[in-house]
Amino acid sequence: MRRSLSDRNWPSWGLFWLLAPFFVFLTLFWMTPLGKGLLLSLESDTLFGESTFVGWQHYRDLLADSRYWRAVLNTGVFAVSTVTITITLALVFAHSLRLCTRRIQGPLVFGLMIPGLCPPTVLALLFLLVFHGKEGLLNRWIVQPLGFETINWLSDPDFILSAVVIQAVWRWTGFLAFFLLCALNARPREILDAAKIDGAGVWSRFVNVTLPLISPTLTFCLIYLIIDCFAQFAGSYVLFGGSGGTNDAGLLLVTYAYQKAFIGGGFGSGAAVSLSIVPWLAGMLILVAMLPRQLWKEDSAR
Amino acid sequence: MNRKLASISVGCLLAIATIIFLYPLFWMILGSFKSNAEIFSTRIFWPREWTDQYYEILLSNEFFPYLRSLTNSITVSLSQGVGATLLAAMAGFVIGSYRFRGRIGLFALGVLVVLIPPQMVALPLFIWVNALGFFDNLFGVILPGLVSGMGVLFFARVYSQLPSDLLDVARMEGASEFRIFLLTLPLVKSFLIAFGFAHFVLSWHAHIIPMLLLHSEETRTLPISLAALYGSSLNSPQAVLMAGSALGMLPLVAVFAFAYPQLKSALQEFVAQ
């Protein structure tokens, strides 16, 4: 159907000029820094004067660095919990929104999405007060009424990470609910009705019919969120002022790279930390991309 | 009847959830009218005495040139939103609507760009942009932000779903590739607006690269100025911060309100494909 176009004389200059601007910028501001970063990560940490080539030394150092592993662990926990909570909440919201009449659905979605507009810095400023030691909203409205001791969210190492998670969940839930709502609306009516007639219950319909149908959108949301979590900087930077919080309990990978490079003055090791994020992220994403195929293999075969 | 009842009760629950989600923002807006002492006491929700002095302090540039920061943010986000959308749409058009050798390679490259977001190359990017002479210059922030791997993948998909009849007709009329691209733009208008909006918001939120590159108060973007003000002293002027944050949300909400219908139709179409 598209053959009429595809057989044309590629490479044609017209197409080349359409592609060129993007690739010029890509080369200048993505490939070059990436290449430079790779080279930098192989050089010694001299801020002034000549730096020498040290090979994989920085990467080897990282493997033995307990703070690095702490940051990896924190980022992993942060990503997994943010993604789980956000996606679950967003699914619940999306399903509930479908039950509402159209007139109130619009304003509700609009309202739920507004936190996503909030810049992470502003968000962190706001949440400093939500998380505040004694008088913060969380303590006053949830922790104290339940009869617990007040929690100092931002300095108690057990809770620091949850502060970052809550903030990310608050920011993304509305947007993802909106995405999933559109995906839910796009499910073909006939399939749902057929499942209903076959006597499938609510849960079984959700798992066997809805999830496979919305899985492209769901996968997109997952990937987007995971990348955002791994690249998270602004929120934790403002919450902890560029540090990792008490005992590094809130240290994330990007923050660690920033610390190494700009506070520790080690550009080489900083670049090594940043680049070491890529394999972690890629591994996580491959896992996510494989997951639905494994889970729903039988269903799609049916 | 039962169904209606369920719909109403779900609606009420959702309304409560929305209020909870928006609560911190309400509180920020109210906070900008309160004194420091009142802000830290959650027992007082409504300001005891309304005062707009913090907005006056903010606009008097006592802490940092507020309007300048706001204009910087708008400049950066607007140029990135428009520029990135255009570049991504052009590349996505080629990748999505033509079959040629190397197409899969380009697609894979797009995925790779998505995988390595700018935050991860922030440090070498900082050194490189400095070497180009863009330190403390808005261009140093804008130009790297024009590259969006997500955008290329998005538009490649949008264009691969576009019926090719129109392109064929234009082709037979002897229109150039670029002209055909221009012809398709009205057809994908809602996608352009949706992506442009998303990129606008993301570049408004960007933190690490503007923080590293924009040094003087005159060039800083709003989030950086606010964060710097917060970090500047232990006794940071909370109400002024809140006033600045609240005012700074206005452009974002305005753009969102404008883009929302397009966003909705674009997404519905995109998901349905």
Side-chain angles (χ1 to χ4, degrees), chain A residues 1-2 4-6 10 12 14-15 17-19 21-22 25-26 29-30 32-34 36-37 40 96-97 99-101 104 108 110-112 114-115 117 119-122 125-126 130 135 137 140 174 179 182-183 185-186 217 227 231 233-234 238 241 254 261 267 270-271 274 277-278 281-282, chain B residues 6-7 10-11 14-15 18 21-22 24-25 28 40-42 87 90-91 93-94 98-100 113 115-117 119-121 123-125 127-128 143-144 146-147 152 164 167-168 171 176-178 181 201 204-205 207-208 223 226-227 230-231 241 245 248-249 252-253 256 260 267-268 271-272:
Chain A
M1 161 179 100
R2 222 164 261 275
S4 52
L5 282 176
S6 58
W10 172 263
S12 93
L15 293 187
W17 289 120
L18 279 172
L19 275 175
F22 180 78
F25 279 96
L26 187 73
F29 296 111
W30 186 78
T32 316
L34 194 60
K36 265 181 119 53
L40 201 62
S96 320
L97 280 166
L99 294 176
C100 298
T101 48
I104 62 166
L108 284 179
F110 192 86
L112 282 174
I114 285 186
L117 299 178
T121 22
V122 169
L125 296 176
L126 269 180
V130 175
E135 298 278 357
L137 297 175
R140 189 145 281 288
F179 272 50
C182 290
N185 283 335
T217 314
I227 293 178
F233 175 74
V238 178
V254 180
F267 276 24
S274 319
I277 304 176
V278 178
L281 179 58
Chain B
S7 153
V10 167
L14 271 175
T18 312
F21 265 70
L22 290 179
L25 287 171
M28 171 177 85
F40 272 112
S41 163
T42 37
L87 290 185
M90 277 156 73
F93 167 70
V94 176
Y98 294 89
R99 300 273 175 278
F100 53 85
V113 179
L115 260 177
I116 309 182
Q119 285 96 327
M120 288 182 200
V121 292
L123 167 63
L125 185 71
I127 298 172
W128 170 233
L143 296 178
L146 297 184
V147 179
V152 173
S164 55
L167 282 79
D168 285 343
R171 211 45 220 251
S176 69
E177 244 64 76
F178 189 70
F181 169 69
V201 173
W204 191 287
H205 291 181
H207 193 82
I208 186 163
L226 290 173
Y230 176 77
L241 272 172
S245 309
M249 285 288 286
L252 286 169
V253 176
F256 180 49
Y260 180 66
L267 205 60
Q268 235 134 23
V271 162

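Naming convention: chains lettered A, B, ... in sequence-line order (proteins, then strands); numbering from 1 in each chain.
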Margin query: For the interface with chain A, which of Ile127(B), Leu146(B), Leu143(B), Leu22(B) has the highest count of heavy-atom pairs at distances below 4.5 Å?
Written below: Leu143(B)

Notebook entry, point to check: Most heavy-atom pairs under 4.5 angstrom with chain A, which of Leu252(B), Val201(B), Ile208(B), Val152(B)?
Noted result: Ile208(B)

Could you look at [X] and say if it's the side chain, the backbone, both or neither that has a heavy atom under 4.5 Å from chain A?
| X | value |
| --- | --- |
| Thr18(B) | both |
| Pro223(B) | both |
| Phe181(B) | side chain |
| Met28(B) | both |

Next item on the list: Describe, in one word, how the ring planes of Tyr260(B) and Phe110(A) are oriented to each other, choosing from parallel (under 30°), tilted (30 to 60°) and perpendicular (over 60°).
Entry: perpendicular

Contact origin within [X] toward chain B - heavy atom pairs under 4.5 Å:
| X | result |
| --- | --- |
| Phe25(A) | both |
| Ile104(A) | side chain |
| Leu117(A) | both |

How far apart are the closest heavy atoms of [X] and [Y], and which atoms are they?
| X | Y | result |
| --- | --- | --- |
| Met90(B) | Trp17(A) | CE-O, 4.2 Å |
| Ile116(B) | Trp30(A) | O-NE1, 3.1 Å |
| Pro119(A) | Met249(B) | CD-SD, 3.8 Å |
| Ser96(A) | Val10(B) | O-CG1, 3.3 Å |
| Ala15(B) | Leu108(A) | CA-CD2, 3.8 Å |

Note to self: Main chain of Val121(B), side chain of Ser274(A): is a donor-acceptor contact present, judged purely on distance under 3.5 Å?
What the structure shows: no

Of the listed residues ([options]), which shares the most heavy-atom pairs with chain B below a 4.5 Å separation?
| options | result |
| --- | --- |
| Thr217(A), Thr32(A), Thr101(A) | Thr32(A) |
| Gly174(A), Ala282(A), Pro120(A), Ala271(A) | Pro120(A) |
| Ala186(A), Gly37(A), Gly111(A) | Gly111(A) |

Item checked: Note, Leu281(A) side chain near Met120(B) side chain (heavy atom, < 4.5 Å) -> yes

Checklist line | Rounded distance [0.5 Å steps], CG in Leu18(A) versus OH in Tyr98(B) | finding: 7.5 Å

